[in-house]
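Take a look at the structure below.
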Amino acid sequence: MTTTPKSVAVPVATDDADALASDAQLLRIQRIGERLFNVAHCVVTFADASSGFHDGRQAVAHEFCRSLAEVEMLTVVQDASADPLLATHPMVSGEPRIRFHASSPIRDAGKAIVGAVHLVDYRARSFSEIDRRAMADLVGIAERELHVRSLNAIQLDLEKKNKTLRRKSLIDPLIGTWNRGAIMRILGIESVRCEKAGQPLSVIVVDLDFFKKINDTYGHPAGDAVLVKVTSRLRSSIRRQDSVGRYGGEEFLAVLPGASQQEAQAIAERMRAAVASEPELIGEALVNLTVSAGVASSDLFPAAGADELIGHADRALYAAKDAGRNCVKQARPDMQF
Ligand SMILES: Nc1nc2c(ncn2[C@@H]2O[C@H](COP(=O)(O)OP(=O)(O)OP(=O)(O)O)[C@@H](O)[C@H]2O)c(=O)[nH]1
């Protein structure tokens, strides 16, 4: 009778606090079992070896219980030394000379066996009808605990999936920056924050020059690769507190909280220079890339809301394109676009 229990996957709470709380509860169940039946050990085992819990005092009894085959119903061996199956078990014939063993399966909500409650003693003893009913009650408590554990695990899993989904819903899948929805939300938040703090807020709209030609010449996948490379250069040009997102196809929006018009102009110029500084290797070809940028700052448009600020930056971008591209234009109240 030294077979290993079948492996049944039991969802367990992986969060440390939850796991500790559940383990404390299991220890409590085991202590109640020992008191209730006046046995040396009450051990709860799970088919999934990674779950279940025992203290050092129970290690031998736990090892014994885990070495036994899974039971389908309450099974009682009143004297293991006289039991045809257990008598030859090394922990019965030798130390620690286990004599009494009773076990009853723990079932999950779907009635699958996921573990067992065991009673172990070093003296032979009887097991009354009252004991049988008490054992059923104890198993019921263990099953309820297991149910709570799996609910915790499901909740944790859902929370993780939720977090991943939320993140995915904010990130552009091609270039890995904030997507339009996310960068607009960041702009909204920073706009309120800067206004409250009495700080300026600047935005930059950046657009790749002649991108259609790149697509037409090298193909759409190469165009995608260009977008990724340009994104990386733009990101390396901003400050820690700034954010860049994909505003449109080949258009980016940078949100610069606290940046005055001069600082924003300098950052936009840094972006432009970073892209134009050296050609990008796309496949076999060295491709010269440039961007045009329009900058708008709240210190020049104090009454402008976030959307209006973008409108001003957009118009400055058109001016940069008109001026021959590969340049930065600052939106000014006195400018005619
Ligand atoms: N490869 C690729 N191309 C894109 C993507 N999004 C938009 N585009 C392309 O970007 C090109 C934009 O072209 P235009 O609006 O004419 O702009 P442009 O050629 O950059 O010209 P200017 O902006 O005036 O310098 C179009 O050919 C779009 O198909 C994308 O995700 N991947």
Side-chain angles (χ1 to χ4, degrees), residues 164-187 202-238 242-256 264-297 306-332 335-337:
T164 311
L165 273 180
R166 217 169 33 236
R167 196 169 162 72
K168 271 191 182 163
S169 74
L170 298 174
I171 300 291
D172 183 279
L174 174 63
I175 60 174
T177 61
W178 300 118
N179 61 23
R180 184 183 173 112
I183 193 70
M184 291 305 285
R185 266 169 69 183
I186 290 171
L187 175 61
S202 294
V203 298
I204 307 173
V205 179
V206 183
D207 188 275
L208 260 159
D209 296 329
F210 303 119
F211 189 48
K212 184 174 181 317
K213 201 168 154 206
I214 291 170
N215 270 334
D216 292 347
T217 311
Y218 303 102
H220 209 267
D224 284 353
V226 163
L227 283 175
V228 173
K229 304 270 186 173
V230 166
T231 303
S232 156
R233 293 191 188 199
L234 295 181
R235 274 172 135 171
S236 66
S237 311
I238 58 174
D242 301 334
S243 308
V244 173
R246 192 175 187 186
Y247 190 55
E250 18 70 273
E251 211 171 24
F252 301 84
L253 174 65
V255 177
L256 318 173
Q265 175 76 25
I267 291 167
E269 184 52 40
R270 222 158 51 215
M271 287 175 154
R272 186 207 61 75
V275 175
S277 60
E278 51 188 89
E280 196 65 72
L281 188 64
I282 303 293
E284 305 276 283
L286 270 176
V287 183
N288 286 304
L289 301 169
T290 61
V291 292
S292 301
V295 183
S297 302
D307 287 340
E308 287 167 276
L309 216 51
I310 292 185
H312 292 307
D314 247 339
R315 282 188 283 281
L317 170 65
Y318 287 132
K321 292 276 181 184
D322 279 349
R325 296 175 175 77
N326 190 21
C327 64
V328 174
K329 290 287 177 191
Q330 174 97 229
R332 296 183 174 282
M335 260 176 118
Q336 295 293 316
F337 293 115

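When a ligand or atom number is given, it counts from 1 through the structure's own listing order. Remember, predicted model here, so these are calculated numbers, not experimental data.
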Got more than 12 heavy atoms from elsewhere within 6.0 Å of NZ, K321? yes

With a 4.0 Å heavy-atom cut-off, what residues sit around ligand 1? L174, D207, L208, D209, F210, F211, K212, N215, H220, G223, D224, L227, R246, G249, E250, K321, R325

All heavy atoms of V295 vs all of A264, minimum pair found to be CG1-CB, 3.5 Å

Do other residues, nucleotides or ligands put more than 12 heavy atoms under 6.0 Å from the CZ atom of F211? yes

For a quick test of reading the model, state the closest non-hydrogen atom pair linking A276 to N326 and the distance between them. CB-OD1, 3.9 Å

Under the side-chain contact (heavy atoms from CB on, under 4.5 Å) rule, what do V226 and I282 come out as? Steps first, then yes or no, please. CA-CA 7 Å; V226 163; I282 303 293; 3.7 Å; yes

Could you tell me which residues satisfy side chain to side chain donor-acceptor pair (under 3.5 Å) with R233, sequence neighbours excluded, listed by chain and number? E280

